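Basis for what follows: all heavy atoms, side chains included, without hydrogens, waters or symmetry-related copies. A quick note: this is a predicted structure, and the numbers were derived from the prediction, not measured.
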Amino acid sequence: MAIASTLSDCLNRSGIEYDVAWHPTSQYSMETAELARIPGDRLAKTVLLEDEGGYVAAVLPATRHVMLSTLSRDTGRTLRLACEEELGELFRDCELGAIPPPVAAALSGMTTYVDESLLGQSDLYFEAGDHKELIHLSTESFMKLMAGAERRQFSRHM
C-alpha cells in the first residue's frame, strides 16, 4: 500500500513540504519508531475514541498514553477507546492502526485533539496510511495541516 489517497490529496492541496520515510512492517507505534530509528516523541500517533456523540481522534507522541479521564473531563464527554474494526468504513484507504492525523482531522464531524507535548518538537513523523511508510515534516507544517484540531494536554508518559 502506498500513501493513503486521502492523505496524498490533503498534502498536495496544502503545498507543504514533506518527505516519505520507509520502515519495516510494524504494528505498534513504539515498534515503528524503533524500526524507523526515530525518537518516539517525534512520532505522532492517532488514537480513535468514541462516546454517544460520535468518534474523536486524539493525536499524541508514540511514547505517551491518552489519559481518558483528563480528556473526558476537559471536553465534557465520556470518551472510551473506539473499536478500530468499526472504523474501517470511515478510513477505507488506510490500514487499521495506521490512520494519519490529518486524515482523521479532515473527516466531517470528527473532532480532533492534538496533545501539546508534540509542539516542542522541531519535526514530526506520522503513519502514511499503512504500516510501512511515514510522512516527515516540520512541526509548524504539521500544525498547519491540523489547523482545525484543538490543542490540549491529555497524555502521560508510558
Rounded to the nearest 0.5 Å, how far does [atom2] of [Y] lie from [atom1] of [X]?
| X | Y | atom1 | atom2 | value |
| --- | --- | --- | --- | --- |
| Ser138 | Glu17 | OG | CD | 9.0 Å |
| Leu79 | Phe154 | CG | CZ | 10.5 Å |
| Ile16 | Met143 | CD1 | CE | 11.0 Å |
| Asp115 | Arg156 | CG | CZ | 12.0 Å |

Checking [X] side chain against [Y] main chain: does a donor-acceptor pair fall under 3.5 Å?
| X | Y | result |
| --- | --- | --- |
| His131 | Ser26 | yes |
| Asp93 | Thr6 | yes |
| Thr46 | Ile99 | yes |
| Lys45 | Met30 | no |
| Asp130 | Glu133 | yes |

With a 4.5 Å heavy-atom cut-off, do [X] and [Y] have their side chains touching?
| X | Y | answer |
| --- | --- | --- |
| Glu127 | Leu134 | yes |
| Ser14 | Leu145 | yes |
| Val56 | Tyr113 | yes |

What heavy-atom pair brings [X] and [Y] nearest, and what distance separates the two atoms?
| X | Y | result |
| --- | --- | --- |
| Met67 | Ser155 | CE-O, 3.6 Å |
| Ala62 | Met158 | O-CE, 2.9 Å |
| Asn12 | Tyr18 | OD1-OH, 4.3 Å |
| Leu118 | Thr139 | O-CG2, 3.9 Å |
| Ala98 | Pro100 | O-CD, 3.2 Å |
| Ile3 | Ser8 | CG2-N, 4.0 Å |

Under 4.5 Å between side-chain heavy atoms, hopping through other hydrophobics if needed: is there a path connecting [X] to [Y]?
| X | Y | value |
| --- | --- | --- |
| Leu137 | Val59 | yes |
| Met110 | Leu49 | no |
| Tyr28 | Val66 | no |
| Leu96 | Leu90 | no |
| Leu87 | Leu68 | no |

Please set out all donor-acceptor pairs under 3.5 angstrom arising from side-chain atoms of residues 33-41, sequence neighbours excluded.
{"from": "Asp41", "atom 1": "OD1", "to": "Thr63", "atom 2": "OG1", "distance (Å)": "2.4"}

**Report entry** Plane angle bin for His136 and Tyr125 - parallel if under 30°, tilted between 30 and 60°, otherwise perpendicular
**Finding:** parallel

Query raised in the report: If you draw a 6.0 Å radius around CD in Gln153, do more than 12 non-hydrogen atoms from other residues or ligands fall strictly inside?
Result: no

Query raised in the report: Counting heavy atoms not belonging to Arg151, are there more than 12 under 6.0 Å from its CZ?
Result: no

Report task. Apply salt bridge (charged side-chain N to carboxylate O under 4.0 Å, His left out) to Asp51 and list each qualifying residue two or more places apart in sequence or on a separate chain. Result -> Arg77

